[in-house]
Colleague: 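Take a look at this one; I'll ask things after.
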Amino acid sequence: MRYILAVLTLLATLGTISPSFAQPDPVSSPIDHAPTDDIQPLDPEDTQSELGEIEIIDRPAQTRRQPDVQLLVRSSVFSSSNITALEALKQSDTVFTNTAHLLITPKLGENTRLIASAGGGIVRFASEGDSNYNIEQYNIAVQQRLAPGTFGQLGWVQDTLRRPGSGDLLTRDNAVQLIVGRQDQLGKQARLDSFYEFRSSFTNPSEDSRITNTIGTRLRYDISPQVQGALDYRLSFKNFTQGVSRSDTEHQISAIVIYNINPDVFLAGSASYLFGRSSNAAIDINNLSFGLSLGFNLPLF
C-alpha cells in the first residue's frame with residue numbers, strides 16, 4: 001500500500017492521472033479557449049496532485065471554440081528515485097501509465113462552468129509487479145469567475161484503486177475540493193498562474209484520510225507557437241486525521257516542456273524534485289523524478 005500512495009503522489013506531480021478541468025495542475029495538455037473566455041477549464045496535463053488534486057494551467061488563447069465534451073487519452077512513463085517513500089527502504093523504479101477520461105465542461109451561465117469527468121487507466125511498475133494497480137476516477141465541480149483572471153472552484157473527486165485481474169479494492173479516496181486560482185499575463189509570451197487548494201480526503205481504509213492545504217505558482221513561457229516551457233512550485237501541508245498522528249510538509253519544484261504536435265496532440269517532458277519532512281520518522285518524502293507523456297485530446301461536441 002505504501003508503494004501505491006507514494007506513486008500516486010508522483011503521478012500527481014507529473015500530471016499523468018487526473019484530467020485538468022479548468023484548473024492549475026502540472027504538465028499541460030492542449031485544451032483550447034476563446035480569447036474572451038475568462039473561465040478556463042483546467043488542462044488534463046496541467047494537473048499534478050495526489051489522487052487527483054487539481055492545479056491551474058492552461059494553453060494560450062486560441063481561435064478555436066472550447067469544446068464542451070472531450071476524450072482525453074494519456075500515455076506516460078516516469079522514473080522515481082524513491083518509489084516507496086520509506087526511510088528504511090529507499091528504492092528506485094520506473095512506472096508506466098495509460099489513462100483515458102471523458103471531460104465535460106459546459107457553461108452554466110456567463111461566469112459559471114460545470115466541470116465533470118469520468119475515466120480510469122492502468123499503472124504498471126517495471127520492477128515491482130506486485131504493486132501494479134488499475135485506477136477509476138470521477139470528478140464533478142462548479143467553477144465560478146470571481147474577477148477578470150480569477151476563478152473559484154468547488155467540487156468532489158473520487159479515486160478508486162483495484163488490483164489487476166481480481167479487481168479487489170486497494171483503496172478508495174473521496175475528497176471535497178476547493179480551489180481559488182488566478183492567471184496573470186506578464187507579456188505576449190509569459191503568464192503567471194497561482195492557486196490555493198483545500199482538500200479534505202476520506203479514504204477506505206481510513207488510515208490515509210487527511211486534510212491538505214496547498215499553495216502553488218507556475219511561470220509559463222511560450223517559446224514558440226508549438227513549444228511551451230514552465231517552472232512550477234508547490235507547497236503542501238498534510239494532516240492525517242484517522243488512526244495516525246502524522247503531518248507532512250512537502251515542497252515540489254518542477255520544470256516542464258510541452259511540444260504541441262497539432263492542436264489535439266502533444267508531447268510533454270518533465271523533471272520534478274519533491275522534498276520536505278514528516279512527523280513520522282519512517283517516511284522519507286524526498287524524491288527526484290523524470291517523466292515523458294504523450295497526450296491526445298479528441299473534441300466530441
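Every heavy atom of this structure was used, including side-chain atoms; hydrogens, water molecules and symmetry mates were not.
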Colleague: According to a hydrophobic-cluster definition based on side-chain heavy atoms being under 4.5 Å apart (Ile, Leu, Val, Met, Phe, Trp, Tyr only), do L154 and L108 belong together?
Modeller: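 No, L154 and L108 fall in different hydrophobic clusters.
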Colleague: Please report the C-alpha distance between N260 and V227 in whole Å, then the side-chain angles of each, then the deciding distance to 0.1 Å, and finally whether the side-chain contact (heavy atoms from CB on, under 4.5 Å) criterion is met.
Modeller: CA-CA 6 Å; N260 298 299; V227 180; over 6 Å; no
Colleague: Enter the distance from L267:CG to S293:OG here, rounded to the nearest 0.5 Å.
Modeller: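 Answer rounded to 0.5 Å: 8.0 Å.
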Colleague: State whether the number of non-hydrogen atoms from other residues, nucleotides or ligands found under 6.0 Å of D130 atom CG is greater than 12.
Modeller: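 No.
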Colleague: Please confirm whether the backbone N or O of L72 pairs with a side-chain atom of Q70, one donor and one acceptor, at under 3.5 Å?
Modeller: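 Not confirmed, Q70 side chain does not pair with L72 backbone.
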Colleague: As an exercise, state the distance from CG of D173 to CZ of F202, rounded to the nearest 0.5 Å.
Modeller: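 Rounded to the nearest 0.5 Å, the CG-CZ separation comes to 10.0 Å.
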Colleague: Indicate whether the side chain of R182 and that of T150 have a donor and an acceptor atom separated by less than 3.5 Å.
Modeller: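 Yes, a side-chain donor-acceptor pair sits under 3.5 Å.
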Colleague: How far apart are the C-alpha atoms of S194 and T217, what are their side-chain angles, what is the distance that settles it, and do they pass the side chain to side chain donor-acceptor pair (under 3.5 Å) test?
Modeller: CA-CA 4 Å; S194 54; T217 185; 5.4 Å; no
Colleague: Can you confirm whether I104 sits close enough to P106 that some side-chain heavy atom of one is under 4.5 Å from a side-chain heavy atom of the other?
Modeller: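 The answer is yes; the side chains approach within 4.5 Å.
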Colleague: Could you tell me whether the side chain of S270 reaches within less than 4.5 Å of the side chain of S254, counting heavy atoms only?
Modeller: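 Not touching, per the 4.5 Å side-chain cut-off.
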Colleague: Mind listing the closest non-hydrogen atom pair of P205 and L170 along with its distance?
Modeller: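 So the minimum-distance heavy-atom pair works out to CD-O, 3.6 Å.
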Colleague: Ignoring hydrogens and angles, tell me if any N or O in the side chain of R162 forms a donor-acceptor pair with the backbone of G167 under 3.5 Å.
Modeller: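 Yes; at least one donor-acceptor contact below 3.5 Å.
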Colleague: Search all heavy atoms of I261 against all heavy atoms of Q226 and return the closest pair with its distance.
Modeller: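 So the two residues come closest at O-NE2, 3.6 Å.
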Colleague: Determine, for K238 against D248, whether the closest basic-nitrogen to carboxylate-oxygen distance falls under 4.0 angstrom.
Modeller: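 No, no charged N to carboxylate O under 4.0 Å.
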Colleague: I'd like to know if the side chain of S209 reaches the main chain of T203, judged simply by a donor and an acceptor atom lying under 3.5 Å from each other, with no hydrogens or angles considered.
Modeller: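 Yes; judged by distance alone, with no hydrogens or angles, the pair exists.
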Colleague: To the nearest 0.5 Å, what is the distance between OG1 (T171) and CG (N204)?
Modeller: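 So the gap between those two atoms works out to 7.0 Å.
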Colleague: Assess, by modelled atom type and distance only, whether the side chains of S166 and D168 contain a donor and an acceptor separated by less than 3.5 Å.
Modeller: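 Distance-only check passes for S166 and D168.
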Colleague: For Q252, run the side chain to side chain contact (heavy atoms under 4.5 Å, CB included) check against N287, L274, T214 and tell me which one passes.
Modeller: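 Of N287, L274, T214, side chain to side chain contact (heavy atoms under 4.5 Å, CB included) with Q252 is met by L274 alone.
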Colleague: Using the side-chain contact (heavy atoms from CB on, under 4.5 Å) rule, take E250 and N286 through it: C-alpha gap first, then chi angles, then the decisive distance, then the call.
Modeller: CA-CA 9 Å; E250 298 178 355; N286 297 346; over 6 Å; no
Colleague: Give me the other members of the hydrophobic cluster that L219 sits in, counting Ile, Leu, Val, Met, Phe, Trp and Tyr linked by side-chain heavy atoms under 4.5 Å, directly or via other members.
Modeller: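 ILVMFWY cluster around L219 also holds L186, L192.
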Colleague: With heavy-atom distances below 4.5 Å as the criterion, would you say the side chains of L298 and D264 are in contact?
Modeller: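 No, side chains not in contact.
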Colleague: With distance as the sole test, does R113 use its side chain to make a donor-acceptor pair with the main-chain N or O of T105 at under 3.5 Å?
Modeller: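 Side chain of R113 to backbone of T105, a donor-acceptor pair under 3.5 Å: yes, one is there.
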Colleague: Go through it in stages, so that I can follow the logic: the residues are N139 and V157, the test is side-chain contact (heavy atoms from CB on, under 4.5 Å), and I'd like the CA-CA distance, side-chain angles, deciding distance and then a yes or no.
Modeller: CA-CA 4 Å; N139 172 287; V157 180; 3.1 Å; yes
Colleague: Measure the spacing between CD1 of I179 and CZ of F195 and express it to the nearest 0.5 Å.
Modeller: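 Between I179 CD1 and F195 CZ, I get 7.5 Å after rounding to 0.5 Å.
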Colleague: Say whether H251 and Y233, considering side chains only, have a donor N or O and an acceptor N or O under 3.5 Å apart.
Modeller: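 Yes, a side-chain donor-acceptor pair sits under 3.5 Å.
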Colleague: We want to know whether R172 and T160 form a side-chain donor-acceptor pair, criterion being a heavy-atom distance below 3.5 angstrom.
Modeller: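 Yes.
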Colleague: Keeping R74 on the side-chain end and F296 on the backbone end, is there a donor-acceptor pair under 3.5 Å?
Modeller: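 At least one qualifying donor-acceptor pair exists.
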Colleague: Looking only at side-chain N and O atoms, does S75 offer a donor or acceptor that is under 3.5 Å from a partner on N98?
Modeller: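 A donor-acceptor contact under 3.5 Å links the two side chains.
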Colleague: CG of L103 to CD1 of I115: how many Å apart, nearest 0.5 Å?
Modeller: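 Rounded to the nearest 0.5 Å, the CG-CD1 separation comes out at 8.0 Å.
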Colleague: In the hydrophobic clustering that connects Ile, Leu, Val, Met, Phe, Trp and Tyr at side-chain heavy-atom distances below 4.5 Å, which members other than V244 occupy its cluster, ordered by chain and number?
Modeller: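 V244 shares its hydrophobic cluster with F240.
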Colleague: Please tell me whether D208 and Q242 have a donor and an acceptor in their side chains that are separated by less than 3.5 angstrom.
Modeller: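 No - no donor-acceptor pair under 3.5 Å links their side chains.
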Colleague: Indicate whether the side chain of Q177 and that of E197 have a donor and an acceptor atom separated by less than 3.5 Å.
Modeller: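 There is such a pair between these side chains.
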Colleague: For Q158 and Q137: C-alpha separation, side-chain torsions, deciding distance, then whether side-chain contact (heavy atoms from CB on, under 4.5 Å) applies.
Modeller: CA-CA 6 Å; Q158 182 187 86; Q137 293 186 305; over 6 Å; no
Colleague: State the OG1-CZ distance between T212 and R199, to the nearest 0.5 angstrom.
Modeller: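 With rounding to 0.5 Å, OG1 (T212) is 7.5 Å from CZ (R199).
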Colleague: Looking only at heavy atoms, which two atoms of G119 and H101 are closest? And how far apart?
Modeller: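 Looking at all heavy atoms of both residues, the closest pair is CA-CD2, 3.7 Å.
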Colleague: Verify the cluster assignment for Y133 and Y138: are they in a single hydrophobic cluster under the rule of side-chain heavy atoms below 4.5 Å apart?
Modeller: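 Shared cluster, no.
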Colleague: Is S81 reaching over with its side chain to a backbone N or O of L288, donor-acceptor style, under 3.5 angstrom?
Modeller: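 Side chain of S81 to backbone of L288: a pair is present.
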Colleague: Are I253 and L235 joined in one hydrophobic group, where the rule is that I, L, V, M, F, W and Y side chains link up if heavy atoms are under 4.5 Å apart?
Modeller: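 They do share one cluster, since a chain of ILVMFWY contacts under 4.5 Å joins I253 to L235.
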Colleague: Write down the atom of G291, the atom of F78, and the distance for their closest heavy-atom approach.
Modeller: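 In this case the closest contact between G291 and F78 is CA-CB, 3.7 Å.
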Colleague: Within the structure provided, determine whether L114 and I140 are in side-chain contact (heavy-atom separation under 4.5 Å).
Modeller: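 A side-chain contact exists here, since the closest heavy-atom pair is under 4.5 Å.
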Colleague: Are R277 and I285 close enough that some pair of their side-chain heavy atoms sits under 4.5 Å apart?
Modeller: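 Result no, sub-4.5 Å side-chain heavy-atom pair not found.
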Colleague: Following the transitive rule for hydrophobic clusters with a side-chain heavy-atom cut-off under 4.5 Å over Ile, Leu, Val, Met, Phe, Trp and Tyr, establish whether Y221 and L231 coincide in one cluster.
Modeller: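 Different hydrophobic clusters.
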Colleague: Can you name the closest pair of heavy atoms from L292 and G269 and give their distance?
Modeller: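 That would be CD1-CA, 4.2 Å.
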Colleague: Could you tell me which non-hydrogen atom of Q189 sits nearest to which non-hydrogen atom of I223, and how far apart they are?
Modeller: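 Here Q189 and I223 meet closest at NE2-O, 4.2 Å.
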Colleague: Taking side chain as C-beta onward, heavy atoms only, is N134 less than 4.5 Å from E136?
Modeller: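 Side chain of N134 against side chain of E136, heavy atoms only: no contact under 4.5 Å found.
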Colleague: Are the side chains of N132 and I122 in contact, using a 4.5 Å heavy-atom criterion?
Modeller: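 The answer is no, as the side chains (C-beta and beyond) never meet within the 4.5 Å cut-off.
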Colleague: Looking at F198 versus Y196, is the centre-to-centre ring distance below 6.0 Å?
Modeller: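 Centroid distance F198-Y196: not below 6.0 Å, so no.
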Colleague: Kindly indicate whether the side chain of V142, heavy atoms from C-beta on, has any atom under 4.5 Å from the side chain of T112.
Modeller: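 V142 reaches T112 side chain to side chain.
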Colleague: Can you tell me if R210 uses its side chain to pair, donor with acceptor, with the backbone of R246 under 3.5 Å?
Modeller: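 It does not hold such a pair.
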